Amino acid sequence: MKLRIFVTLKNGVLDPQGRAIHKALEGLGFDGVNDVRAGKLIELDVADDTSDASIDEMCRKLLANTVIENYRVERA
């Protein structure tokens with residue numbers, strides 16, 4: 001089973017990477033971009049019988065820092 005894990009910073013957490021992207025876009029002449037938040041996408045190929053609890057545990061223990069990040073799991 002293929003999974004996509006989307007990890008994003010929680011609201012209120014500073015995003016220096018997003019800020020750098022925003023400044024670069026402005027520097028390249030792209031107007032109308034109000035804000036940028038950067039995140040990460042992790043793709044996993046797991047056994048079909050992998051439980052939701054196990055997937056959630058993977059995310060909480062390694063793939064996302066739940067103090068400052070949220071995550072969302074999609075089955076591809």
Side-chain angles (χ1 to χ4, degrees):
M1 167 175 45
K2 295 191 188 254
L3 302 174
R4 288 185 175 154
I5 315 296
F6 296 90
V7 181
T8 56
L9 289 170
K10 291 182 176 181
N11 289 334
V13 175
L14 295 178
D15 185 357
Q17 185 179 15
R19 189 175 185 138
I21 293 167
H22 186 249
K23 285 185 155 233
L25 289 170
E26 285 180 335
L28 291 170
F30 292 101
D31 295 327
V33 178
N34 296 323
D35 192 26
V36 178
R37 300 286 286 176
K40 56 188 169 186
L41 165 65
I42 302 164
E43 294 183 330
L44 299 177
D45 190 351
V46 299
D48 289 341
D49 62 347
T50 304
S51 69
D52 289 345
S54 181
I55 294 165
D56 190 57
E57 188 175 4
M58 287 181 216
C59 292
R60 285 183 290 107
K61 287 189 172 183
L62 178 67
L63 303 178
N65 177 351
T66 57
V67 173
I68 62 169
E69 295 174 320
N70 293 317
Y71 64 90
R72 176 174 50 92
V73 178
E74 271 186 15
R75 286 171 168 73

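Small disclaimer: the values here were computed from a predicted structure and weren't measured.
When all heavy atoms of G18 and V36 are compared, the pair lying nearest together is O-CB, 3.4 Å. Contact detail for M58 and T50: the closest heavy-atom pair is CE-CG2, 4.1 Å.
Within 6.0 Å of CG in D45 there are more than 12 heavy atoms belonging to other residues, nucleotides or ligands. In this structure, K23 places its NZ atom where only 12 or fewer heavy-atom neighbours from other residues, nucleotides or ligands lie under 6.0 Å away.
V46 and F6 are members of different hydrophobic clusters when ILVMFWY side chains are connected at heavy-atom separations under 4.5 Å. Under the 4.5 Å side-chain heavy-atom criterion for ILVMFWY residues, a single connected hydrophobic cluster contains both M1 and V73. Hydrophobic clustering (ILVMFWY, side-chain heavy atoms < 4.5 Å, transitive): Y71 and L41 are in distinct clusters.
The CG atom of D48 sits 11.0 Å away from atom NZ of K2, with the distance rounded to the nearest 0.5 Å. The structure places CG of L9 at 9.0 Å from CG of L14, a figure rounded to the nearest 0.5 Å. How far CG of L63 is from OG1 of T66: 11.5 Å, rounded to the nearest 0.5 Å.
Residues passing the side chain to side chain donor-acceptor pair (under 3.5 Å) test with D15, sequence neighbours excluded: none. Every residue two or more places apart in sequence or in another chain was checked for a salt bridge (charged side-chain N to carboxylate O under 4.0 Å, His left out) with R37, and none qualifies.
For the pair E26/V33, no side-chain contact is recorded, criterion being any heavy-atom separation below 4.5 Å from C-beta on. A heavy-atom distance below 4.5 Å is found between the side chains of R75 and I55.
The residue from L44, L3, I5 that alone fulfils the side chain to side chain contact (heavy atoms under 4.5 Å, CB included) condition with C59 is I5.
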